[in-house]
Amino acid sequence: MVHLGTAVEPGARVGFIVSRAVGNAVVRNRVKRRLRHLVRARVDTLPEACVLVVRAQPASADASYGELEAELDRCLGRVLDTVQETRMEAGT
């Protein structure tokens with residue numbers, strides 16, 4: 001699950017939420033490392049001055065790297081489409 005907001009400062013910022021429901025500390029850190037690596041490759045696609053929050057679901061503990069990548073791409077696509085629609089409605 002991802003959430004996208006606007007920031008006051010220029011540049012994109014990314015945060016991760018991986019709760020204990022995902023697993024023990026080793027599992028949570030592995031999930032965070034994988035997500036950080038995936039987001040690093042996609043940060044250029046984010047709008048300027050945005051804050052992206054990636055929240056790992058418990059199923060991410062058992063997901064393969066490819067499955068995490070596909071889910072992240074799906075969620076980012078949905079969020080970025082919403083941002084684009086909002087901008088079109090606002091006329092910018």
Side-chain angles (χ1 to χ4, degrees):
M1 178 181 296
V2 297
H3 303 279
L4 189 68
T6 57
V8 177
E9 303 166 0
R13 295 185 316 164
V14 181
F16 299 92
I17 300 171
V18 184
S19 73
R20 287 185 183 173
V22 173
N24 63 23
V26 173
V27 173
R28 292 193 311 266
N29 285 327
R30 184 181 68 228
V31 169
K32 278 190 276 192
R33 282 193 309 272
R34 287 178 171 183
L35 289 172
R36 267 197 309 265
H37 185 262
L38 290 167
V39 169
R40 190 176 295 126
R42 292 157 179 78
V43 75
D44 293 336
T45 64
L46 299 174
E48 279 295 316
C50 76
V51 177
L52 177 72
V53 178
V54 179
R55 182 173 174 251
Q57 300 293 324
S60 61
D62 299 323
S64 69
Y65 187 83
E67 291 170 333
L68 280 177
E69 182 176 31
E71 186 65 16
L72 180 66
D73 286 339
R74 184 185 70 80
C75 290
L76 277 176
R78 191 176 68 223
V79 167
L80 293 175
D81 287 345
T82 302
V83 169
Q84 187 175 17
E85 288 174 8
T86 304
R87 286 183 177 172
M88 289 176 63
E89 290 173 0
T92 56

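Because the structure is predicted, anything quoted here is derived from the model rather than measured. This chain uses plain numbering: 1 for the first residue, then up along the sequence. Side chains are part of it too, since the values below use all heavy atoms of this structure and drop only hydrogens, waters and symmetry mates.
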Chemist: Would you mind reporting whether L46 and L76 have side-chain heavy atoms less than 4.5 Å apart?
Modeler: yes

Chemist: With sequence neighbours left out, write down each residue that passes salt bridge (Lys or Arg N to Asp or Glu O under 4.0 Å) with R74, or none if nothing qualifies.
Modeler: E71

Chemist: Tell me every residue that passes side-chain contact (heavy atoms from CB on, under 4.5 Å) with A63, counting only those two or more places apart in sequence or in another chain.
Modeler: E67, L68

Chemist: Of all heavy-atom pairs between A21 and P58, which one has the smallest distance, and what is that distance?
Modeler: O-CB, 3.7 Å

Chemist: Can you name the one residue among R34, R42, H37 that meets side chain to side chain donor-acceptor pair (under 3.5 Å) with E69?
Modeler: R42

Chemist: Once rounded to the nearest 0.5 Å, what's the spacing between atom CD1 of I17 and atom NZ of K32?
Modeler: 11.0 Å

Chemist: Which residue is it: V54, L52, V53? I am looking for the one with a side-chain contact (heavy atoms from CB on, under 4.5 Å) to F16.
Modeler: V54

Chemist: Identify, with sequence neighbours excluded, every residue that meets side-chain contact (heavy atoms from CB on, under 4.5 Å) alongside N24.
Modeler: V26, V27

Chemist: Looking at every non-hydrogen atom in both residues, tell me the closest pair between V22 and A61 and how far apart they are.
Modeler: O-CB, 3.1 Å

Chemist: Please name all residues satisfying side-chain contact (heavy atoms from CB on, under 4.5 Å) with A41, sequence neighbours left out, ordered by chain then number.
Modeler: none

Chemist: Check for a donor-acceptor pair, side chain of R28 on one end and backbone N or O of G23 on the other, with a separation under 3.5 Å.
Modeler: yes

Chemist: What's the separation between atom SG in C75 and atom CG in L80, rounded to the nearest 0.5 Å?
Modeler: 11.0 Å

Chemist: Looking only at heavy atoms, which two atoms of P47 and A12 are closest? And how far apart?
Modeler: O-CB, 4.2 Å

Chemist: Mind checking side-chain contact (heavy atoms from CB on, under 4.5 Å) for R33 and listing every partner two or more places apart, or none if nothing turns up?
Modeler: N29, R30, R36

